[in-house]
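Contents: one structure, followed by commentary.
Naming: A, B, ... by sequence-line order, numbering from 1 per chain. The analysis underlying the following values was restricted to heavy atoms, covering all of them including side chains, and did not include hydrogens, waters or symmetry mates.
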Number of protein chains: 4
Amino acid sequence: MGAVPRKAIGAGEAVIAAAEPVAIRRRRTQAERRAEAESRMLSAAAEIVAEKGVDGLTLAEAGERAGYSRGLAGHYFRSKDELLAAMAEAIHDEFTQQRRERLRGTSGLARLVATIDASFARPAVGLTKMRAYIAVLMGAAHKPALAEAVATFNRDSATEFGRLIASAIEAGEIRPDIDARTQALILSAALRGIMAQWVLDPEGVDLAGIRAEFLGLVSRSLAATPIPT
Amino acid sequence: MGAVPRKAIGAGEAVIAAAEPVAIRRRRTQAERRAEAESRMLSAAAEIVAEKGVDGLTLAEAGERAGYSRGLAGHYFRSKDELLAAMAEAIHDEFTQQRRERLRGTSGLARLVATIDASFARPAVGLTKMRAYIAVLMGAAHKPALAEAVATFNRDSATEFGRLIASAIEAGEIRPDIDARTQALILSAALRGIMAQWVLDPEGVDLAGIRAEFLGLVSRSLAATPIPT
Amino acid sequence: MGAVPRKAIGAGEAVIAAAEPVAIRRRRTQAERRAEAESRMLSAAAEIVAEKGVDGLTLAEAGERAGYSRGLAGHYFRSKDELLAAMAEAIHDEFTQQRRERLRGTSGLARLVATIDASFARPAVGLTKMRAYIAVLMGAAHKPALAEAVATFNRDSATEFGRLIASAIEAGEIRPDIDARTQALILSAALRGIMAQWVLDPEGVDLAGIRAEFLGLVSRSLAATPIPT
Amino acid sequence: MGAVPRKAIGAGEAVIAAAEPVAIRRRRTQAERRAEAESRMLSAAAEIVAEKGVDGLTLAEAGERAGYSRGLAGHYFRSKDELLAAMAEAIHDEFTQQRRERLRGTSGLARLVATIDASFARPAVGLTKMRAYIAVLMGAAHKPALAEAVATFNRDSATEFGRLIASAIEAGEIRPDIDARTQALILSAALRGIMAQWVLDPEGVDLAGIRAEFLGLVSRSLAATPIPT
DNA sequence: AATGAATGAGACTTCATTCAT
DNA sequence: TATGAATGAAGTCTCATTCAT
């Protein structure tokens, strides 16, 4: 239970020490240590949120599970709300990063399909991160600290999807008689609904099967001409 | 598990009423008092959950907001978990009731459309109930007390949707090359996702527009022949 | 667990009804029912005290375990303290009754031995009653409601033992160079200590063996001439 | 189980102290603060138990009476049960310590007498501690948290007494026709019974007189040859 | 920088007690 | 008489937060 503390600092640092002034080296090291500690605590926080929900997160447990003291998370993030917001952003960044990699070099309808695929691929990152993400999305309803972050997520997602659809319409690959903005919201909401269902019951939900049906559904519904799945 | 037992009042009592009015009056009144208190506390609980999430619910506030003492909710529903479960069941019952009324006399694809329409009509019941419902669905991930109830909701919903689609396929109104079970899950998850999006931002989400677009999407995707929207 | 409710009133009462005026018959029956209910609740209270200590006793549980409603014990005994006091007295009365029977027809040293024997025989009444008795004795330290009752017990016990020893001294069966009052206290305290040890660990304490050793100890210590055990 | 872990402070620190006074000073002070708070709360707990019994003890009062906040006792001893167990152990340790000091350099029957004397001397520690000790012994019947500790006390006491008697028998100072184990239990139970009687009514029980009478009783009963009182 | 000591608030839960029926 | 509805007070336990070291 709990992560293994890795506070030991590798001996390799001494090598760099010669090249840089002592004061600098120290600040570097401190900053690095801080960055690592923060990152470990954000991961720990995500784990906890995945297990117990946003209200189940405590500063002390985040610190301990990351291998530090009960007080450190409070020391870095000052308050639970700030820890939550930071954690939400970290997860979202990770997801965004992944989607970008998948979209590289695509365009039009293929890009829309790749985007959907990116959603279905997310679980590969791990059930834990996904669970925490869903918890954050829903927590926005009650936690002002999350509301802002989630509003941003939604705006980004809507814009992205909307742009995708609009450009696919322009390319003549998607029927022009639909409302891009509304369709974007539907698609994004549907994907989130499916992911929520999956994290609730990973065994009972066959993501691969759903992905296929979902892509078929989208293609029949949106494509100006059928896509070969 | 489930709600606190309510002494069922047999219908036969009316007959005796003439002979022993006082005794009956007494029992009636006690039972009524209890039933009313219970129902008011369930409503209050839903309000609170809508505002603050499942973890924000407290027995004391449920009692007070219903107009009683801080202790009464704890007295009836022995624990917060039981209150939550009872509340979840009450909301689900209400929704089920509404859907049943809407479905009366329909069949085939029209029945599927009516079911979807029932989902979009739910908000009429009130943003509060819907918010509470969504909170309960998501809360199942962390609260064992809700997990059981929600598992039942999901089973029911899947069965219902699946049957609808299957029977519409038999009727030749839905294309036979889809997997009824998977489509049922997708539809139900999509509707939940849309509702979640709506409760998060009621102003920013145009439900009527979404409904139209969603029905179009479903018709194009599932119908053996186009539905006139 | 818990007693079986016996609220049914036997049919035989109708027979008596003819012989006595209605008002009388009712009061009789009521009084009897009340007496039975009280007695059943006192027994239930003793059970609960034996299991959970004097602070673990609750009016509601006493009522329910006796087969009545949660409210009845409060109705009869008005408060927890009164119930405790009544229970203490009931147990003491029972023990006193038993001792009296054992002492019938004895005198002198034999009477002292019989009294000691009565203590060792008490467990036959049941571990439960004994446990409750010990709990009451100790509870006197903190519960004013019990202090009075226990003070009486102690006075009675000291008087009784003291008289026994004094009369045995007069009869020349006990050495005259001891202080009767102090020896009485020692004997009574020792017996209680042994019983306390027994109720804490009935399996680990061999009462029969202790009885033999204890009688030997007393005889060697007190008797003017050795008693044949 | 048992007491909250206390950071042991190595004796070696004094050596380092010269080199790094500040760091040591800091750690010292933290540890000392904790140790003092803990010890004060254990004392406060004993006071409360003496006054109100084991069930009358509350974490909040233990904290407050020790001069800290209502929450601190709960912070250190995670639960009431653990506080009780720690308190029991602390008292027992204190008593054991005292007995050991009294027994130094004794052997045979004199050692047995010294042990009994230690019991009668305990009250010198204070009525409060003694009351708390008795309450703990009896509380073992209902509080699993105490049962374990008390079982240990009993085992220790029985072993100790048994060994004493056995060795006095070997030394020819105690008659060989008694059962050492049973006599040990009787003596220990009798002493506890006497102490219980005393804490219930310190005014009414003349410990000095009882001590004399009790030693006489033991000597006449056990000694191979009379002891000069 | 990092730890953890200490506070105080709040939630759950359990009851004694009072009251309505 | 008997039931049980309703209140309000504790008590346990868990945290966010602040502060000393």
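For DNA chain E, each stem of at least three Watson-Crick or G-U pairs (distances under 3.5 Å) is given as range with range: E:2-21 with F:2-21.
Between D:L83 atom CG and F:dT12 atom P the separation is 9 Å, expressed in whole Å. Atom pair B:E82:CD and E:dT14:C1' shows a separation of 14 Å (rounding to whole Å applied). Atom pair B:E64:CD and E:dA11:C1' shows a separation of 13 Å (rounding to whole Å applied). Computed from coordinates, the C:L84 CG to E:dC15 C1' distance equals 14 Å when rounded to whole Å. Distance B:E32 CD to E:dA20 C1': 14 Å, rounded to the nearest Å. Between the CD atom of B:E61 and the C1' atom of E:dC12 there is a distance of 14 Å, given to the nearest Å. For the pair A:E38 CD and E:dA2 P, the computed distance is 10 Å after rounding to whole Å.
Put simply, the side chain of B:L42 reaches to within 4.5 Å of the side chain of B:L83, judged on heavy atoms. Counting heavy atoms from C-beta on, the side chains of A:V136 and A:K143 never come closer than 4.5 Å. Side chains of D:L84 and D:V49 form a contact here, defined as non-hydrogen atoms less than 4.5 Å apart.
Of all the heavy atoms in B:G63 and B:M41, the pair that sits closest is CA-SD, 3.9 Å. Between A:A140 and A:A147 the shortest heavy-atom distance is O-CB, 3.8 Å. Of all non-hydrogen atoms in D:A62 and D:A44, the two that sit nearest each other are O-CB, 3.6 Å.
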Could you pull out all donor-acceptor pairs under 3.5 Å where a side-chain atom in residues 73-82 of chain A meets a protein atom, sequence neighbours excluded?
residue, atom, partner, partner atom, Å
A:S79, OG, A:D81, N, 3.4
A:S79, OG, A:E82, N, 3.2
A:K80, NZ, A:L57, O, 3.2

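A side chain to side chain contact (heavy atoms under 4.5 Å, CB included) with D:E36 is found for exactly one of D:R33, D:R40, D:E38, namely D:R40.
Set against F:dT7, E:dA1, F:dT3, the side chain of A:R34 has E:dA1 as its closest nucleotide. For B:S69, the side-chain atoms get nearest to F:dT7 when compared with the rest of E:dT3, E:dA2, F:dT7.
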For nucleotides 14-17 of chain F, give me every protein contact, N/O to N/O, under 3.5 Å, one pair per line with atom names.
residue, atom, partner, partner atom, Å
F:dT14, OP1, D:R78, NH2, 3.4
F:dA16, OP1, A:L57, O, 3.4
F:dA16, OP2, A:L59, N, 3.3
F:dT17, OP2, A:K80, N, 3.4

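Residue order along DNA chain E, read from the 5' end via each residue's closest nucleotide, puts A:L72 first among D:Y68 and A:L72.
To the nearest 0.5 Å, atoms NZ (A:K52) and NE2 (B:H142) are separated by 11.5 Å.
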